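What you are looking at is a predicted structure, and each value in this text was computed from that prediction instead of being measured.
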Amino acid sequence: MSVFAHPADLRPPVARVQPQKLEKHGDVRVDPYYWLRDRSNPEVIRYLEAENTYTEAVMAPAKPLQEKLYKEILGRIKETDTSAPARRGPYLYYTRTEQGKQYPIYCRRPRTSDREEILVDANELAKGHAYFKVGVFMPSPDHTLLAWSTNVTGDEQYTLVVKDLKTGTMLPDRVEHTYYDVEWANDNKTLFYTVLDQAKRPWRVYRHVLGTDAADPLIYEETDERFHTTLGKTLSQKFLLIQLESSVTSEVRYLPASDPTGQFRVLAPREQDHEYDVTEREGEFWIRTNAGAKNFRLVKAPVGDPSQKNWREVIAHRADVKIEHVEAFASHLVITEREKGLRRLRIRRLPGNTEHYIEFPEPAYVVRAVQNYEYTTAILRFSYNSLVTPPSEYDYDMDRRTRELVKREEVLGGYDPGNYESERIFATAKDGTKLPIALVYRKGFRRDGSGPALLYGYGSYGSTTDATFSSARISLLDRGFIYAIATIRGGSEMGEAWHDSGKMLNKVNTFTDFVAAAEHLVGQKYTSRERLAIMGGSAGGLLIGAVLNMRPELFRTAVAKVPFVDVVTTILDPSLPLTVIEYEEWGNPNQKKYYEYMKSYSPYDNVKPQAYPNILITAGLNDPRVSYWEPAKWAARLRAMKTDNSVLLLKTEMGAGHFGVSGRYEKIKETAFDYSFILWTLGIRE
């Protein structure tokens with residue numbers, strides 16, 4: 001640990017070894033740290049706290065750098081600011097932040113005046129809590145009531161409450177243990193909401209009528225453990241939707257929003273490997289479906305009988321373009337597509353079917369439709385940003401094809417996008433597949449291998465990792481860094497086949513793709529092995545753990561945020577969140593072929609006596625997605641087996657969950673800590 005000058009007698013905690021035999025398919029694995037799963041054991045908490053104390057002591061020499069980074073990052077943020085107002089009925093809804101306050105203030109004002117109403121001040125509600133988060137924020141259709149929910153632990157179970165916006169008083173209605181989905185019926189008194197099962201899977205939908213004390217009736221229960229349940233409402237406001245999804249199969253149930261006591265009907269019965277979703281326009285359902293269409297196609301059917309025999313094709317399947325989302329306005333369709341890894345917005349005028357695309361100039365960017373709550377409008381709100389352009393929200397006139405900038409995130413401190421450059425390059429995977437890499441760096445960067453680099457990756461669940469802006473990242477770029485995003489298989493940036501080739505029995509492609517991206521950066525002299533840091537979180541933490549076992553010599557430093565690293569043990573335990581619902585992504589280890597394949601790459605199971613780079617591992621004690629013991633066990637095993645003197649740190653947030661701390665200033669401190677670790681271990685002290 002020579003990169004940090006700390007007292008010679010400072011020693012890391014040593015987790016007690018208590019071998020636990022785990023047997024499956026005749027194979028025996030011995031887990032020396034299985035006991036760390038028991039958070040009720042005081043020894044477990046003492047161990048985590050000892051690791052935190054050790055981390056703080058080791059990082060003490062970098063404290064001035066942390067503070068400098070914190071001030072830099074904070075100095076770029078407009079602390080007192082207002083979000084772009086969203087049009088909802090007769091009001092404009094928005095959030096405000098105030099200097100020195102951790103949380104947003106939720107507000108609205110009439111479209112015709114500047115009279116502000118403060119609806120929820122999260123700062124007042126957060127008092128006395130180490131963690132606080134607002135979950136849903138849902139005005140009633142007539143805008144006289146507000147349903148909203150809060151969580152104070154990070155475990156993602158929320159308390160739902162309702163406020164009377166005419167009087168400012170809270171209604172007595174209070175529903176505990178709700179999840180992220182809440183929808184109003186059009187009667188302005190009926191709410192539908194979801195709850196979690198023991199494995200933290202959203203599985204039930206309940207109906208609550210304001211003012212009733214009787215137990216809320218169960219509307220739907222999903223008994224197939226592969227499926228999770230979400231709620232939605234069509235932009236037309238005519239239909240409530242229950243969306244049921246596994247990794248590869250879906251089913252939609254619909255109910256007229258004007259008939260909350262009616263029965264939800266199935267639009268298309270679930271069929272294995274058939275995925276679809278739906279919106280509604282003028283008496284027709286517009287259905288995005290992968291039936292006979294790997295990258296999805298668009299069909300429509302009458303609301304009166306939307307069975308598959310009545311599906312009529314609107315947009316055919318294309319092998320090189322994925323349809324990601326479709327939204328139906330009264331006179332327009334907005335089709336979000338992805339081609340060659342980049343998202344684009346396709347606008348179709350209805351009736352008449354005239355079309356155009358909204359153009360974007362940069363080589364790598366992200367765009368998405370946001371805050372569109374009005375059905376009868378020609379104005380589309382979309383957000384755009386890139387590696388050099390700050391988040392920008394536009395109102396786009398879909399008829400006139402003109403755009404108006406509503407708000408661009410103000411980056412203080414003299415940020416000039418002209419000082420930075422982004423590009424998109426391609427590495428080659430071991431099987432010849434071309435892998436896009438998005439890069440950003442400060443102009444004047446010399447490609448001679450001397451510059452530091454941070455390579456980020458994810459590559460799971462078909463999620464897309466786009467080239468997004470970060471004002472915090474400027475602290476790295478201004479210190480000579482290249483920041484790179486590897487587009488690796490397991491995501492769906494290049495279409496559904498891209499996802500398929502990085503999951504199940506193809507999962508190792510995700511890791512070898514990332515290695516190929518790193519080797520390309522080194523080989524093309526964007527950086528060197530001695531100056532290369534890598535980062536990923538959750539399933540991206542699995543990526544980091546896997547490549548560290550495979551090619552530890554390729555990297556100098558690694559940051560694994562809440563990493564999913566104990567793959568086999570977790571997915572064999574049906575009581576845990578990452579289990580049955582994950583079988584169609586990773587495979588079912590109760591089947592021998594999947595067990596053996598998972599075991600071949602599981603980071604925890606493949607730690608071996610070898611030299612590893614500097615590693616920072618983070619965890620959340622209340623994390624319901626990746627249990628704290630996964631990163632804790634991994635750190636303990638790494639420390640016991642690695643043969644080097646590189647830095648290994650475990651930092652556990654003792655009052656937070658999967659997404660880390662909740663306050664905005666605390667999040668900046670977290671980023672400054674991560675960056676200081678990267679900088680210090682790469683030999684950058686200022």
Under 4.0 Å between a side-chain nitrogen and a carboxylate oxygen: does that hold for [X] and [Y]?
| X | Y | value |
| --- | --- | --- |
| Glu553 | Arg551 | yes |
| Glu67 | Lys71 | no |
| Glu686 | Arg479 | no |
| Lys200 | Asp623 | no |
| Glu337 | Arg343 | no |
| Glu666 | Lys669 | yes |
| Lys651 | Asp674 | no |
| Arg344 | Glu339 | yes |

- prompt: Under 6.0 Å from the six-membered ring centre of Tyr33 and within 45° of its axis: does the NZ or CZ of Arg637 meet both?
  reply: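 No, a cation-pi geometry is absent between Arg637 and Tyr33.
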
task: Examine Lys633 relative to Tyr34 and say whether NZ or CZ is less than 6.0 Å from the centre of the six-membered ring and inside a 45° cone about the ring axis.
output: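 Negative - Lys633 is either too far from the ring of Tyr34 or too far off its axis.
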
Report yes if some heavy atom in the side chain of [X] is under 4.5 Å from a heavy atom in the side chain of [Y]; otherwise report no.
| X | Y | value |
| --- | --- | --- |
| Arg37 | Thr569 | yes |
| Ile534 | Leu543 | no |
| Ile474 | Leu476 | no |
| Phe564 | Thr570 | yes |
| Phe677 | Met59 | yes |
| Asn506 | Asp500 | no |
| Ile615 | Leu638 | yes |
| Leu548 | Pro613 | yes |

Step through the shown structure and confirm whether more than 12 heavy atoms of other residues, nucleotides or ligands are within 6.0 Å of [atom1] on [X].
| X | atom1 | answer |
| --- | --- | --- |
| Arg447 | CZ | yes |
| Lys443 | NZ | yes |
| Gln591 | CD | yes |

Test item: [X] side-chain N/O and [Y] main-chain N/O as donor-acceptor pair under 3.5 Å:
| X | Y | answer |
| --- | --- | --- |
| Thr53 | Glu49 | yes |
| Arg39 | Leu621 | yes |
| Gln102 | Tyr665 | yes |
| Asn52 | Thr652 | yes |
| Ser627 | Glu630 | no |
| Gln66 | Phe673 | no |
| Thr55 | Leu650 | yes |
| Arg531 | Ser450 | yes |
| Thr643 | Ala611 | yes |
| Arg556 | Thr681 | yes |

For [X] and [Y], which heavy atoms make the closest approach, and how far apart are they?
| X | Y | answer |
| --- | --- | --- |
| Tyr458 | Gly537 | CE1-O, 3.5 Å |
| Pro363 | Leu342 | O-CD1, 3.6 Å |
| Ala364 | Ser386 | O-CB, 3.4 Å |

message: In this structure, is the centre-to-centre distance between the rings of Tyr365 and Tyr384 below 6.0 Å?
response: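 Judged by ring-centre distance (under 6.0 Å), Tyr384 and Tyr365 do meet the cut-off.
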
All side-chain contact (heavy atoms from CB on, under 4.5 Å) counterparts of [X], not counting sequence neighbours:
| X | value |
| --- | --- |
| Lys599 | Asp27, Arg29, Val568, Tyr595 |
| Pro13 | Tyr47, Ala50, Glu51, Tyr54, Arg639 |
| Arg442 | Asn419, Tyr420, Asp478 |
| Ser600 | Tyr597 |

- prompt: Lys503 and Asn509: side-chain hydrogen bond (donor to acceptor under 3.5 Å, both in side chains), yes or no, with the steps?
  reply: CA-CA 8 Å; Lys503 72 174 190 178; Asn509 283 338; over 6 Å; no

message: Does anything in residues 616-648 form a ring pair (Phe, Tyr, Trp, His ring centres under 6.0 Å)? List the pairs, not counting sequence neighbours.
response: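 Listed once each, the pairs would be none.
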
query: How would you list all residue pairs meeting ring pair (Phe, Tyr, Trp, His ring centres under 6.0 Å) that involve residues 492-527, not counting sequence neighbours?
result: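 Qualifying pairs, neighbours excluded: Phe511-Tyr601.
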
Looking only at side-chain N and O atoms, does [Y] offer a donor or acceptor that is under 3.5 Å from a partner on [X]?
| X | Y | result |
| --- | --- | --- |
| Ser460 | Lys507 | yes |
| Asp31 | Tyr604 | yes |
| Ser246 | Glu584 | yes |
| Asp155 | Thr153 | yes |
| Glu72 | Ser475 | yes |

- request: Under the salt bridge (charged side-chain N to carboxylate O under 4.0 Å, His left out) rule, what do Arg338 and Glu493 come out as? Steps first, then yes or no, please.
  value: CA-CA 7 Å; Arg338 190 176 289 268; Glu493 294 90 347; over 6 Å; no

message: Enumerate the salt bridge (Lys or Arg N to Asp or Glu O under 4.0 Å) contacts for residues 587-596, please, sequence neighbours excluded, ordered by first and then second residue.
response: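 Salt bridge (Lys or Arg N to Asp or Glu O under 4.0 Å) check on residues 587-596 returns Lys592-Glu596.
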
Pairs meeting criterion salt bridge (Lys or Arg N to Asp or Glu O under 4.0 Å) with involvement of residues 413-435, two or more places apart: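 Checked against salt bridge (Lys or Arg N to Asp or Glu O under 4.0 Å) - neighbours excluded - the pairs reaching residues 413-435 are Asp431-Arg489.
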
Of all residues at least two apart in sequence or in a different chain, which pass the salt bridge (Lys or Arg N to Asp or Glu O under 4.0 Å) check with [X]?
| X | answer |
| --- | --- |
| Glu362 | none |
| Lys340 | none |
| Lys63 | none |
| Asp644 | Lys642 |

message: Within this structure, what is the CG-CZ distance for the pair Leu477 and Phe445, rounded to the nearest 0.5 Å?
response: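 Result: 11.0 Å between the selected atoms.
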
message: Quick check for you: to the nearest 0.5 Å, what is the distance between Ile482 atom CD1 and Leu455 atom CG?
response: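 These two atoms lie 10.5 Å from each other.
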
task: Assign the ring pair Tyr483 / Tyr456 to parallel, tilted or perpendicular, where the plane angle (0 to 90°) is split at 30° and 60°.
output: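 The rings of Tyr483 and Tyr456 lie parallel, inter-plane angle below 30°.
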
